[in-house]
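Structure first, commentary second.
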Amino acid sequence: MRKRFVPVLLVAVLLALMGCSSATRGQPQPVPAPDYPGYLPDEARQTLAYLDTLRALDICGYLDGAVLATFGPVSYVGADGEYQSCIARYPNDAARQGISKVEVSIGAAPSPGWGTTIDIAGTSVAYNDAGGEFCTASTRFDERQLISWSVFSAVLGEPVDLCSETIEIATASIPLLKTRPLRVGSTAKNVDTKLARLDGCAAIAAFVAPEQAHKAAVLTRVPWGCGWMADYYQSGSLVAVSFLHGEDTLIAPISRGEIATEVGGFPARVIPSTTRRYPGVCQLWIGVDAVRPDPEKRRGEHDSSARMIELIRVSLEHGGCDLATQIGTELVRLYKLLP
C-alpha cells in the first residue's frame, strides 16, 4: 500500500516557532530548543550523518585534469548551478568535437536498465547518448547514489556523438573515487564557500516540533541543501532547499505576480503559485552575497550584466510563501552564524 503525505500540523509549526508549550498549568512555559538532530527518528539521523560525511568534499576533484586538457583549453573549472556538480568549461570552437563543457555530479539514484553497460577496469559503467546534445556515463559513488560524467556539445551546435569522450573522462576519473578531495584548499572556483558549508537540514529544528519528530523524514542524497517532510505519512509537507552558484538574475522578478523583497537583509525573489489549483506552492530565491537588484530594470533570462552569486532556493508544495519566507529566514540566520 502506498504511503500518502500531508502538511505538518499548523499547531506544531506554531509551537516550534514560538518555543512554548501549554502542557503545564498557568502561563505557557518555554520549551528548550530541540536537540538537533538527536530528536529525529533513527532513519533521519542516519541520513544526516551520511550527509555530514559528504559536505566537505570537492566534487571537482572527481574530474581528471589531464584528460580535460586533451579535449582543449579549459577556461573555467568550478561550481555552476547546484553544488553537487562541477563543470569544466571550454571557449567557443576551441575544444575537440565542439565540446562546450564537461560536468561531474552526484545525487542520482540508480535506475535499473538505463543506458548501455560496459566494464571499465572492473567497474560497471552505464552510458547513454542524449540525441547528440550530450552523453552521460554513470557508476556507483557509494551504496546510496551514482556519480555521473557528462560531455556537452555547443549550444545550438550540430548534434554529435560525444560518448567516446564521455567514456574517456569516466575511465580516467574512476580511480579518483578512492580519494576524498576536500573543498578546503581546492583550486576549483567557487567551491570552498560559506554557503557550501551550511547544513540546510538544521532548519528542520525550527519547523518540526519534538512531539511530531517521529513522523519526520529527510529525503535527500546530497548535503548542499535539504529535502524533508514534516510528516512522511501524509501528503503536502515536502520542503526542498537547494544551494546554488548562479546568476543574480535569479533574484530579480521577471513575471507578473513575482515579488522583490528581502530576507534577513539579503535581496530575494518570491514566486507564488499562479493557479488556484495549487495555492500552497511557492518558490523563494535568496542571494546571500548579492546586492539588491534595480527594481526599474527588467532582467531577462540571459543578461550580459549578470554576476554570479550564491543562492538559497526554497520550494514548497504546501504552506505558501509565508512559510517559505519563514524557512528562508531561518536558513539565513544559520548562514550568518558560520565563520
Side-chain angles (χ1 to χ4, degrees), residues 1-24 28-55 84 107-109 142-145 198-243 272-273 277-284 312-335:
M1 178 176 179
R2 293 187 63 184
K3 296 176 180 177
R4 299 190 57 191
F5 311 98
V6 287
V8 65
L9 295 175
L10 179 60
V11 173
V13 174
L14 293 175
L15 286 172
L17 292 173
M18 296 170 61
C20 63
S21 171
S22 57
T24 59
Q29 300 297 311
V31 172
D35 173 26
Y36 171 83
Y39 83 118
L40 294 170
D42 288 346
E43 187 173 352
R45 285 189 283 108
Q46 291 166 8
T47 298
L48 292 168
Y50 166 73
L51 298 178
D52 286 344
T53 68
L54 299 181
R55 192 167 293 110
Q84 60 261 36
D142 56 25
E143 71 280 359
R144 291 176 180 247
Q145 61 189 310
L198 178 62
D199 176 7
C201 294
I204 294 174
F207 297 95
V208 178
E211 61 268 26
Q212 297 294 323
H214 64 284
K215 300 179 181 180
V218 177
L219 307 173
T220 186
R221 297 181 183 86
V222 294
W224 303 287
C226 188
W228 79 80
M229 297 190 79
D231 190 337
Y232 185 70
Y233 300 96
Q234 298 181 16
S235 66
S237 62
L238 177 63
V239 174
V241 173
S242 299
F243 302 154
S273 172
R277 186 176 180 182
Y278 303 105
V281 171
C282 186
Q283 192 172 108
L284 170 69
I312 296 173
R313 181 181 64 203
V314 180
S315 300
L316 300 183
E317 62 177 0
H318 185 83
C321 293
D322 286 346
L323 179 57
T325 301
Q326 291 170 14
I327 293 171
T329 300
E330 175 64 7
L331 289 166
V332 167
R333 185 189 72 81
L334 295 170
Y335 172 83

I want to check something: taking the side chain as every heavy atom from C-beta on, are [X] and [Y] in contact at a cut-off of under 4.5 Å?
| X | Y | value |
| --- | --- | --- |
| I204 | Y39 | yes |
| F207 | L323 | yes |
| W224 | Q84 | yes |
| W228 | L238 | no |
| V222 | L54 | no |
| I327 | L284 | no |

Can you see which heavy atom on [X] is nearest to which on [Y], and at what distance?
| X | Y | result |
| --- | --- | --- |
| L51 | C201 | CD1-SG, 4.2 Å |
| L334 | A203 | CD1-N, 3.8 Å |
| A217 | Y232 | CB-CD1, 3.6 Å |
| Y36 | A205 | CB-CB, 4.1 Å |
| G107 | R221 | O-CD, 3.5 Å |
| S237 | A230 | OG-N, 3.5 Å |

[X]: what forms a side chain to side chain donor-acceptor pair (under 3.5 Å) with it, not counting sequence neighbours?
| X | value |
| --- | --- |
| Y50 | D142, Q145 |
| R144 | none |
| D322 | none |
| T329 | none |

Q. Can you tell me how far CG of L316 sits from CD of Q326, rounded to the nearest 0.5 angstrom?
A.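 Output value for this atom pair is 10.0 Å.
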Q: Could you grab the distance from atom CG of L198 to atom SG of C226, nearest 0.5 Å is fine?
A: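 One finds 10.0 Å between CG of L198 and SG of C226.
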Residue list, side-chain contact (heavy atoms from CB on, under 4.5 Å) with [X], at least two apart or on another chain:
| X | result |
| --- | --- |
| A216 | L40, V208 |
| C282 | V270, C321, A324 |
| A240 | S315 |

Q: Identify, with sequence neighbours excluded, every residue that meets salt bridge (charged side-chain N to carboxylate O under 4.0 Å, His left out) alongside R313.
A: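 Counting only residues at least two positions away or on another chain, R313 forms a salt bridge (charged side-chain N to carboxylate O under 4.0 Å, His left out) with E82.
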Q) Looking at residues at least two apart in the chain, or sitting in another chain, which of them share a salt bridge (charged side-chain N to carboxylate O under 4.0 Å, His left out) with R55? A)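 Applying salt bridge (charged side-chain N to carboxylate O under 4.0 Å, His left out) to R55 gives D52, D199.
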Q: List the steps, then state whether side-chain contact (heavy atoms from CB on, under 4.5 Å) holds for L219 with M229.
A: CA-CA 7 Å; L219 307 173; M229 297 190 79; 3.3 Å; yes
